[in-house]
Chemist: 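The structure is given below, and queries will be raised subsequently.
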Amino acid sequence: MPLLPARVKFRKQHTRGWRLDHVAGTGNEISFGDFGLQALESGKITARQLEAARVTASHYLGRSGKMWVRIFPHTPVTKHPAESRMGSGKGEVEYWASFLDAGTVMFEFAGITEDMAREAMRRQAFKLPLRCRLIKRRAIA
């Protein structure tokens, strides 16, 4: 079952002009774990893609370590059915998505080795439509 909000005030949202060249000012550093998966480009991730990436990493890691999902698909994306005439209002909600800026940390891991984190994130990156990279927590000295 893909992620979606439990309750929303309005079923459909106005479409907003998402900047596809924007760099994240917040949410671009590791907050919880030791390793993170960071988006290198702006774009849209659907709830299904996010869930597929989460399942892939948790399947690879098993019971070892801890994983945090830092993004959530809050935005409904609507679509008209195929071959429908113009007009007749806004289409129904097709899926839920999360719009990301470049540099946003999507997943974080703790309690695992760097090799395990690298492999888990490599598997996750195959499920996502954006280019990603592994980042490490800076050592406090």
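Side-chain atoms are counted along with the backbone in the values below, which use heavy atoms only and exclude waters and symmetry mates. Numbering of residues begins at 1 and proceeds along the displayed sequence.
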Chemist: Find out if a path of hydrophobic residues (ILVMFWY) with successive side-chain heavy-atom gaps under 4.5 Å connects I135 to F109.
Modeler: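 They do not share one cluster, since no chain of ILVMFWY contacts under 4.5 Å joins I135 to F109.
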Chemist: Would you indicate whether the side-chain heavy atoms of S42 and L100 approach each other to under 4.5 Å?
Modeler: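 No, every pair of side-chain atoms sits at 4.5 Å or beyond.
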Chemist: With sequence neighbours excluded, tell me which residues meet salt bridge (charged side-chain N to carboxylate O under 4.0 Å, His left out) with R131.
Modeler: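 Listed in chain order: E41.
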Chemist: Could you tell me whether the side chain of H80 and the main chain of S88 form a donor-acceptor pair under 3.5 Å?
Modeler: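 No, H80 side chain to S88 backbone: no donor-acceptor pair under 3.5 Å.
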Chemist: How far apart are the closest heavy atoms of S58 and V55, and which atoms are they?
Modeler: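 Smallest heavy-atom distance, with atoms named: OG-O, 3.1 Å.
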Chemist: Rounded to the nearest 0.5 Å, what separates atom NE2 in H74 from atom OG in S98?
Modeler: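 Going from the NE2 atom of H74 to the OG atom of S98 covers 7.5 Å.
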Chemist: Less than 4.5 Å apart, side chain to side chain, heavy atoms only: is that true for M106 and C132?
Modeler: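 In contact.
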Chemist: Check the hydrophobic clustering (I, L, V, M, F, W, Y; side-chain heavy atoms under 4.5 Å; chains of links allowed) and say if L128 and F35 are grouped together.
Modeler: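 Yes: a chain of side-chain contacts under 4.5 Å links L128 to F35.
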Chemist: If every non-hydrogen atom of D34 is compared with every non-hydrogen atom of G111, which pair is closest and at what distance?
Modeler: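 Heavy-atom minimum between the residues: OD2-N, 3.8 Å.
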Chemist: Can you see which heavy atom on A97 is nearest to which on V77, and at what distance?
Modeler: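 Shortest heavy-atom separation between A97 and V77 comes out as CB-CG2, 4.0 Å.
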Chemist: How close do L130 and G43 get, counting heavy atoms only, and between which atoms?
Modeler: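 The pair with the smallest heavy-atom distance is CD2-CA, 3.8 Å.
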Chemist: Are V105 and F107 co-members of a hydrophobic cluster defined by side-chain heavy atoms under 4.5 Å apart?
Modeler: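 They do not share one cluster, since no chain of ILVMFWY contacts under 4.5 Å joins F107 to V105.
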Chemist: List the steps and the verdict of side chain to side chain contact (heavy atoms under 4.5 Å, CB included) for W96 and L3.
Modeler: CA-CA 8 Å; W96 292 83; L3 293 170; over 6 Å; no
Chemist: Mind checking what makes salt bridge (charged side-chain N to carboxylate O under 4.0 Å, His left out) contact with K90, not counting sequence neighbours?
Modeler: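 Salt bridge (charged side-chain N to carboxylate O under 4.0 Å, His left out) check on K90 returns nothing, list empty.
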Chemist: So does E51 pair up with R48, basic N to acidic O under 4.0 Å?
Modeler: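 Here E51 does not pair with R48 in a salt bridge, since their nearest N and O are not under 4.0 Å apart.
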Chemist: To the closest 0.5 Å, what do you measure between CE (M121) and CD (Q38)?
Modeler: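 The distance works out to 10.5 Å.
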Chemist: Restricting to side chain to side chain donor-acceptor pair (under 3.5 Å), what partner residues turn up for H22, sequence neighbours left out?
Modeler: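 For H22, the residues satisfying side chain to side chain donor-acceptor pair (under 3.5 Å) (neighbours in sequence not counted) are D101.
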Chemist: Distance from T104 atom OG1 to L40 atom CG, nearest 0.5 Å?
Modeler: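 The distance works out to 10.5 Å.
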Chemist: Can you tell me how far CD of Q124 sits from CD of E119, rounded to the nearest 0.5 angstrom?
Modeler: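 Here the interatomic distance stands at 11.0 Å.
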Chemist: Can you list everything that forms a salt bridge (charged side-chain N to carboxylate O under 4.0 Å, His left out) with K12? Sequence neighbours excluded, please.
Modeler: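 Testing K12 for salt bridge (charged side-chain N to carboxylate O under 4.0 Å, His left out), a comparison that skips the adjacent residues, returns E92.
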Chemist: Should P76 and E94 count as side-chain neighbours, where that means a heavy-atom distance under 4.5 Å?
Modeler: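 P76 does not reach E94 side chain to side chain.
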Chemist: For the hydrophobic clusters of this structure (ILVMFWY residues joined by side-chain heavy atoms under 4.5 Å, transitively), does one cluster hold both I30 and L134?
Modeler: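 No; tracing contacts between hydrophobic side chains, which count when under 4.5 Å, never links both residues.
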Chemist: Let me check something: any side-chain donor-acceptor pairs from residues 63-73 under 3.5 Å, sequence neighbours excluded? List them with distances.
Modeler:
unit_1 : atom_1 : unit_2 : atom_2 : d
S64    : OG     : L61    : O      : 2.7
R70    : NH1    : E29    : O      : 3.3
R70    : NH1    : E108   : OE2    : 2.2

Chemist: Please list, chain by chain and in numerical order, all residues satisfying side chain to side chain donor-acceptor pair (under 3.5 Å) with E114, sequence neighbours excluded.
Modeler: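 E114: side chain to side chain donor-acceptor pair (under 3.5 Å) contacts with R118, K136.
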